[in-house]
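Worksheet: the structure to be examined is printed underneath.
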2 protein chains.
Amino acid sequence: MDVQRLELLRELADRGSVTAVALATHRTPSAVSQQLKVLEREAGLPLTQRQGRGLVLTSAGRALARSAADVAVSLAKATALWDEFRNHASGEVSLVTFPTAGQMLLPGVIKILGPDLLLNCADEDPELSDFPAFTAEYDIVLAHSMSGQLSWAGRGLTVVPLMTEPLDVGLPVGHPLSDRAWVGPRDLIGETWIGVTDGYPFERILHAIEQEAGARLSMSQRFADLALIESFVIAGLGIALVPRYTSGGGQPGRLVLKPLRGIESQRQIVALMRPDRAERLAVRTVIQALQSEAAKVEQSHSTVTAR
Amino acid sequence: MDVQRLELLRELADRGSVTAVALATHRTPSAVSQQLKVLEREAGLPLTQRQGRGLVLTSAGRALARSAADVAVSLAKATALWDEFRNHASGEVSLVTFPTAGQMLLPGVIKILGPDLLLNCADEDPELSDFPAFTAEYDIVLAHSMSGQLSWAGRGLTVVPLMTEPLDVGLPVGHPLSDRAWVGPRDLIGETWIGVTDGYPFERILHAIEQEAGARLSMSQRFADLALIESFVIAGLGIALVPRYTSGGGQPGRLVLKPLRGIESQRQIVALMRPDRAERLAVRTVIQALQSEAAKVEQSHSTVTAR
DNA sequence: TGCATTGTGTAGATTGTCTACATGGACGTG
DNA sequence: CACGTCCATGTAGACAATCTACACAATGCA
């Protein structure tokens with residue numbers, strides 16, 4: 001019945017513990033517990049269940065939480081509407097990004113938005129690409145996935161595609177392959193590779209190369225940080241798969257990029273949001289800025305390669 | 001921001017005055033006024049405007065009220081969901097009907113529903129067919145309209161069609177036309193008519209008859225109550241247009257019905273609801289009962305005429 | 001000019017929600 | 001196996017929000 005309480009249930013579904021909900025909503029755990037108790041009494045059936053020292057939702061609880069999300073969406077639409085009437089996007093917007101996307105998009109976005117809209121950015125290196133979990137904490141989550149791989153569909157999150165970035169093969173200057181216009185899977189066998197940490201999405205493409213070429217790649221190192229990988233490549237210690245638009249930032253001209261043919265080699269960069277937050281006017285404004293900046297980046301590179 | 005306040009604004013849009021809202025929500029007008037004031041302060045722009053001694057919404061106010069309706073709908077969906085979990089349609093349902101529909105459908109509906117679901121019925125003779133106004137007061141409004149005439153579309157109301165009832169020409173026993181299988185517009189010229197009160201929907205069909213036959217009908221009396229009209233017809237004082245399924249209730253066999261050909265002569269019987277109320281499980285249950293009872297009535301008459 | 005009606009202020013009561021603190025169970029560890 | 005930690009949940013009181021009761025101003029109607 002009461003929206004505040006429903007919202008609390010929804011937060012519990014998202015965050016998994018009463019204390020986390022309390023922390024997120026600036027309340028004491030006791031207050032949260034009491035409100036959930038009231039909700040349960042009103043509902044007339046158990047919504048939560050103790051499990052160990054924690055608390056999990058019953059199936060009824062999950063169902064209610066899901067419809068609570070719908071309520072939150074329509075409520076956010078209402079406040080967005082009146083923000084539009086005032087021409088004033090209220091509140092601040094928080095955003096997490098993985099490093100390369102931030103480096104590529106955020107400076108331009110901040111310039112587009114101007115000083116009126118406060119955008120709080122953070123970067124986070126998602127070890128196991130658990131991007132969706134961040135949507136509880138941040139309004140917008142910049143995430144990347146391989147094309148066709150919808151790893152975060154069906155969780156009830158809003159997904160806005162921003163751009164697709166090709167993944168090229170990065171070579172040191174003077175490498176035997178560096179005078180080629182492009183390279184294929186078979187060209188890459190026998191090379192020493194600088195790989196990414198296990199579980200990173202690039203790995204799928206490396207596997208695809210092995211599959212296509214019918215041989216294993218020799219992986220000398222595994223790093224998570226892209227700048228580190230590049231410095232190894234530049235130093236001649238191996239070659240690596242690198243995103244086209246964000247490579248060679250530190251030492252321009254010392255890293256050679258070659259398109260990879262014969263394999264779908266690109267990543268999707270998307271914005272992930274909880275649906276209610278996606279309705280906020282301020283959030284929508286930031287998303288629009290992200291989209292136009294992404295288009296700008298894609299365009300500027302396509303004209304470069306067209307030369 | 002606050003749902004309660006939004007709901008108040010929505011009620012104001014529906015009912016048009018603070019006192020009416022106060023009455024409907026079991027509050028004092030002062031409380032309503034204060035809450036609206038708070039909402040306006042939060043919104044940052046005027047939502048209402050004085051007009052005479054009353055209050056009207058500004059365009060911003062209307063827009064907010066409309067999105068408040070969406071919030072109410074999703075909230076109603078949530079409570080309906082948990083009603084389904086408990087298998088218990090909560091609350092009572094109120095219903096208004098015009099007399100003939102009530103006589104035709106309600107006894108059967110009450111039987112279908114059984115004693116668990118409280119259905120509060122009332123009848124109301126809608127002088128100028130202002131059915132939509134009743135949706136503020138009642139959960140379900142049974143209304144009728146001529147076919148094709150969507151007099152209550154676009155007001156944001158939920159409309160559920162229940163049945164279409166043919167309108168026949170009612171004759172006294174022994175009338176010259178009473179041995180015909182059907183009658184056409186031209187047969188009806190020169191007869192004395194018992195008409196309906198001005199503004200009633202049947203009137204359109206009488207006009208259509210005049211148009212088709214190219215002559216005016218002589219209208220000796222004008223009544224609102226159908227039973228009264230019928231008694232006049234039976235007494236041989238004239239003929240009249242009467243709904244097929246609900247005629248001759250009082251004096252069976254003394255009223256002869258003839259289908260009217262050459263003119264679309266039927267009325268739609270529909271249920272009107274505010275969209276949020278339409279979501280309630282209890283309301284949906286009643287609607288289903290109405291639909292099945294309406295189908296039953298239609299079916300039983302079609303087999304009779306097939307004999 | 002009364003008189004009813006409409007919306008709105010003010011003061012105080014009432015209700016509901018939150019915090020602070022204490023309790024009890026579940027888990028891991030020395 | 002006792003110990004500390006973590007988590008959810010009770011209890012009592014503080015606090016905030018909302019409502020009622022009443023008074024008042026403005027408008028429209030007889």
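Throughout, a chain's letter reflects where its sequence line sits, starting with A, and its residues are numbered from 1.
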| said: Determine whether a donor-acceptor pair (one donor, one acceptor, N or O, separation below 3.5 Å) exists between the side chain of B:Ser30 and the base of C:dG7. | reply: no
| How many Å lie between CD on A:Gln35 and C1' on D:dG10, as a whole number? | 14 Å
| query | Between atom CD in B:Gln49 and atom C1' in C:dT8, what is the gap in whole Å? | reply | 17 Å
| request: Would you mind checking if B:Glu11 and B:Arg274 are paired as a salt bridge, meaning a charged N to carboxylate O distance below 4.0 Å? | output: yes
| task | Using atom types as modelled and distance alone, determine if a side-chain donor or acceptor of A:Thr97 lies under 3.5 Å from a backbone N or O of A:Gly102. | result | yes
| said: More than 12 heavy atoms of other residues, nucleotides or ligands under 6.0 Å from CD of A:Glu84: yes or no? | reply: yes
| said: I need the CZ-C1' distance between A:Arg50 and D:dA8, as an integer number of Å. | reply: 4 Å
| Is the shortest side-chain N/O distance from A:Arg53 to OP1 or OP2 of D:dA8 below 4.0 Å? | no
| remark: Between A:Gly52 and A:Arg5, whichever has its closest DNA chain C nucleotide further toward 5' is A:Arg5
| task | Round to a whole Å and report the spacing from CG of B:Asp2 to P of C:dG16. | result | 15 Å
| remark: Whichever of B:Gly54 and A:Ala31 has the more 5' nearest nucleotide on DNA chain C, that residue is B:Gly54
| task | Take the protein atom CD of B:Gln51 and the nucleotide atom C1' of C:dT6, then report the distance between them rounded to whole Å. | result | 13 Å
| If you take atom types as modelled and just measure distance, does the side chain of B:Thr19 reach the base of C:dG7 with a donor-acceptor pair under 3.5 Å? | no
| task | Kindly give the heavy-atom pair with the smallest separation between B:Ala63 and A:Phe85, and that separation in Å. | result | CB-CE1, 3.4 Å
| field | Whole-Å gap separating P (C:dC27) and CG (A:Leu55) | value | 14 Å
| query | Would you say D:dA8 has OP1 or OP2 under 4.0 Å from some side-chain N or O of A:Lys37? | reply | no
| field | Rounded interatomic separation in angstrom, taking CG from A:Leu23 and P from C:dT19 | value | 12 Å
| query | Nearest-Å distance, CG (A:Leu12) to C1' (D:dA8)? | reply | 11 Å
| Would you call B:Thr135 and B:Met273 a side-chain contact if the rule is heavy atoms closer than 4.5 Å? | no
